[in-house]
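Atom set for the values below is all heavy atoms of this structure, side chains included, hydrogens, waters and symmetry mates excluded. Order of listing sets the numbers, starting from 1, for every ligand and every atom in it.
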Amino acid sequence: MRFNLCVFASGNGSNLKAIINASLSGRITSRVSLVISNNSNSGALRTAAKYNISYKHISGIMFDSQKEYTKNLLAELKNNKIDMILLAGYMKMLDPAVIRKYRNRIINIHPALLPKFGGKGMFGIHVHEAVIKSGDAVTGASVHFVNEVYDSGAVILQKQVKVKPGDDAVTLQKRVLRAEHKLYPEAIKLFEEGRVKVRNNKVFCTPHPQPLS
Ligand code: GRF
């Protein structure tokens with residue numbers, strides 16, 4: 001199967017770039033048709049422009065009410081015939097109406113092995129600081145379904161990353177990010193191959209084996 005993807009991103013957009021490259025090189029057959037950011041100055045929007053992909057800056061403060069904002073967002077998704085939403089460093093909680101509409105078709109990437117180091121406050125460098133503090137020898141990245149509660153949707157695919165002696169949060173973040181760039185396209189491929197099934201809110205996945213990186 002081939003999906004029309006919408007990537008939501010607030011920051012650098014390196015995962016967006018990895019997904020676009022996977023699509024251009026044929027590693028995945030789906031394509032990014034739309035990029036949405038709440039940050040007009042994001043690298044993600046610049047990347048979309050560079051690759052000639054439709055993009056929109058949509059932020060809650062541009063609308064009179066949450067209802068108007070959500071209506072606008074849903075209209076963009078519909079107009080672009082979006083099948084799947086990928087969150088990649090998107091710093092806003094999606095409105096429940098969007099989650100309902102795209103139930104089991106919204107995924108996110110998180111820079112740790114969920115359920116560890118997820119939830120409130122666990123974003124960006126804070127995740128890696130917490131991993132270093134914990135003394136864990138292995139961390140990683142997770143692609144998971146998005147539901148109404150932060151980082152709590154079922155995990156689809158994970159990739160482990162070693163914490164090396166001498167690592168600090170910054171060096172670890174860089175290594176995990178490199179793993180994310182491989183993991184996100186692999187997760188999309190699982191959907192394309194029909195390997196992700198959801199029954200009674202449980203995910204059944206038949207992933208390819210993941211090497212330790
Ligand atoms: C990544 O670490 C991702 O796991 C997290 O936000 C970061 C986004 O990085 N959700 P980028 O904007 O894709 O470079």
Side-chain angles (χ1 to χ4, degrees), residues 5-24 27-28 30 32 34-51 53 55-59 84-94 98-99 106-132 136 138-163 167-188 190 210 213:
L5 308 172
C6 175
V7 177
F8 280 62
S10 305
N12 282 337
S14 69
N15 277 287
L16 166 67
K17 212 179 262 177
I19 295 163
I20 295 171
N21 283 329
S23 180
L24 291 176
R27 277 179 288 132
I28 59 170
S30 301
V32 180
L34 180 65
V35 173
I36 291 181
S37 184
N38 59 316
N39 174 4
S40 60
N41 201 21
S42 61
L45 289 187
R46 282 195 293 278
T47 296
K50 184 175 157 201
Y51 286 89
I53 294 170
Y55 62 89
K56 278 269 152 158
H57 166 229
I58 305 184
S59 156
M84 250 186 110
I85 296 174
L86 313 179
L87 307 187
Y90 189 61
M91 299 304 283
K92 291 279 166 199
M93 187 81 183
L94 287 180
V98 179
I99 297 175
I106 311 178
I107 62 178
N108 178 45
I109 190 154
H110 184 79
L113 297 174
L114 291 172
K116 284 186 126 184
F117 308 108
K120 207 165 184 271
M122 282 293 139
F123 61 90
I125 197 74
H126 304 300
V127 177
H128 307 287
E129 283 166 356
V131 172
I132 296 280
D136 281 5
V138 175
T139 182
S142 308
V143 174
H144 65 96
F145 278 110
V146 171
N147 61 17
E148 286 79 356
V149 182
Y150 267 123
D151 299 334
S152 74
V155 169
I156 297 158
L157 196 60
Q158 292 183 313
K159 200 178 205 71
Q160 296 189 337
V161 174
K162 282 181 199 154
V163 181
D167 258 340
D168 59 22
V170 173
T171 57
L172 190 57
Q173 183 179 42
K174 281 190 186 146
R175 194 167 332 108
V176 171
L177 196 57
R178 280 201 296 275
E180 291 181 44
H181 297 160
K182 290 187 195 145
L183 187 69
Y184 223 161
E186 284 170 18
I188 298 164
L190 287 183
Q210 295 297 306
S213 54

Legend entry - More than 12 heavy atoms of other groups within 6.0 Å of Phe145 CZ: yes
Charged N to carboxylate O below 4.0 Å: is that the case for [X] and [Y]?
X      : Y      : result
Glu186 : Arg27  : no
Asp136 : Lys116 : yes
Asp151 : Lys120 : no

Legend entry - Ring center gap for Tyr184 and His181 short of 6.0 angstrom: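 No, ring centres 6.0 Å or more apart.
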Inset, instruction - I would like to know whether Ser42 and Ser37 meet side chain to side chain donor-acceptor pair (under 3.5 Å); could you show each step before the answer? - result: CA-CA 7 Å; Ser42 61; Ser37 184; 3.1 Å; yes
May I have every N or O pair linking ligand 1 to the protein at under 3.5 Å, one per line with atom names and distance?
{"from": "ligand 1", "atom 1": "2 (O)", "to": "Glu180", "atom 2": "OE1", "distance (Å)": "3.2"}
{"from": "ligand 1", "atom 1": "2 (O)", "to": "Glu180", "atom 2": "OE2", "distance (Å)": "3.0"}
{"from": "ligand 1", "atom 1": "4 (O)", "to": "Ile109", "atom 2": "O", "distance (Å)": "3.3"}
{"from": "ligand 1", "atom 1": "4 (O)", "to": "Glu180", "atom 2": "OE1", "distance (Å)": "2.6"}
{"from": "ligand 1", "atom 1": "4 (O)", "to": "Glu180", "atom 2": "OE2", "distance (Å)": "3.3"}
{"from": "ligand 1", "atom 1": "10 (N)", "to": "Ile109", "atom 2": "O", "distance (Å)": "2.9"}
{"from": "ligand 1", "atom 1": "12 (O)", "to": "Asn12", "atom 2": "N", "distance (Å)": "3.4"}
{"from": "ligand 1", "atom 1": "12 (O)", "to": "Gly13", "atom 2": "N", "distance (Å)": "2.8"}
{"from": "ligand 1", "atom 1": "13 (O)", "to": "Ser14", "atom 2": "N", "distance (Å)": "3.2"}
{"from": "ligand 1", "atom 1": "13 (O)", "to": "Asn15", "atom 2": "N", "distance (Å)": "2.8"}
{"from": "ligand 1", "atom 1": "13 (O)", "to": "Asn15", "atom 2": "ND2", "distance (Å)": "3.0"}
{"from": "ligand 1", "atom 1": "14 (O)", "to": "Ser14", "atom 2": "N", "distance (Å)": "3.0"}
{"from": "ligand 1", "atom 1": "14 (O)", "to": "Ser14", "atom 2": "OG", "distance (Å)": "2.5"}

